[in-house]
Amino acid sequence: MKRLILAMVAAVLLTTSAQAGSCGGADHAHIPKEMAVKYFKQMDANGDDVITKLEFEASPMAKMVKSFDVLKPNEKGEVKKQNFIEVFVKAHT
């Protein structure tokens, strides 16, 4: 169930950025790892490779992803960069 939710979130994120013309409107394929890194950077305000709930809520991603829990935070309530990238890539391969 968690994979399905994460896959749906990732699909929304990829579709939203493509529709917004963020890539200049050219036809091309997005590489899941590169997209995961891009989305993570948008949420990691202090650049420490960890996303907290406060960082998430202050990021533009909070408008597209309605729940921090979808990002699969660990027991400390944090989402680590490597875990986020791995889960995102798995959902897109």
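Bear in mind that the values here come from a model prediction, so they are computed numbers and not experimental data.
Atom NE2 in His92 sits 8.5 Å away from atom CE in Met35 (nearest 0.5 Å). Rounded to the nearest 0.5 angstrom, Phe40 CZ and Phe88 CZ are separated by 13.0 Å.
The side chain to side chain contact (heavy atoms under 4.5 Å, CB included) search around Asn83 returns Val87, not counting sequence neighbours. When the side chain to side chain contact (heavy atoms under 4.5 Å, CB included) test is applied to Thr93, the partners found at least two apart in sequence or on another chain are Val89. The side-chain hydrogen bond (donor to acceptor under 3.5 Å, both in side chains) search around Asp49 returns none, not counting sequence neighbours. Residues that satisfy the side chain to side chain contact (heavy atoms under 4.5 Å, CB included) test with Glu57, not counting sequence neighbours, are Lys53, Leu54.
Residues Val50 and Leu71 are members of separate hydrophobic clusters, defined by side-chain heavy-atom contacts under 4.5 angstrom among Ile, Leu, Val, Met, Phe, Trp and Tyr.
The backbone N or O of Lys63 lies less than 3.5 Å from a partner atom in the side chain of Lys66, making a donor-acceptor pair. A side-chain donor-acceptor contact under 3.5 Å links Asp44 to the backbone of Asp48. Glu55 contributes a side-chain N or O that, together with a main-chain N or O of Asn46, makes up a donor-acceptor pair within less than 3.5 Å.
Shortest non-hydrogen contact noted between Pro73 and Val79 is CA-CG2, 3.8 Å. Residues Ser59 and Met43 come closest through the heavy atom pair OG-CG, 3.5 Å.
Applying the ring pair (Phe, Tyr, Trp, His ring centres under 6.0 Å) definition to pairs two or more places apart or across chains, those involving residues 41-63 are Phe56-Phe68. For the side-chain hydrogen bond (donor to acceptor under 3.5 Å, both in side chains) condition, the pairs that include at least one residue of residues 73-82, sequence neighbours left out, are Gln82-Glu86.
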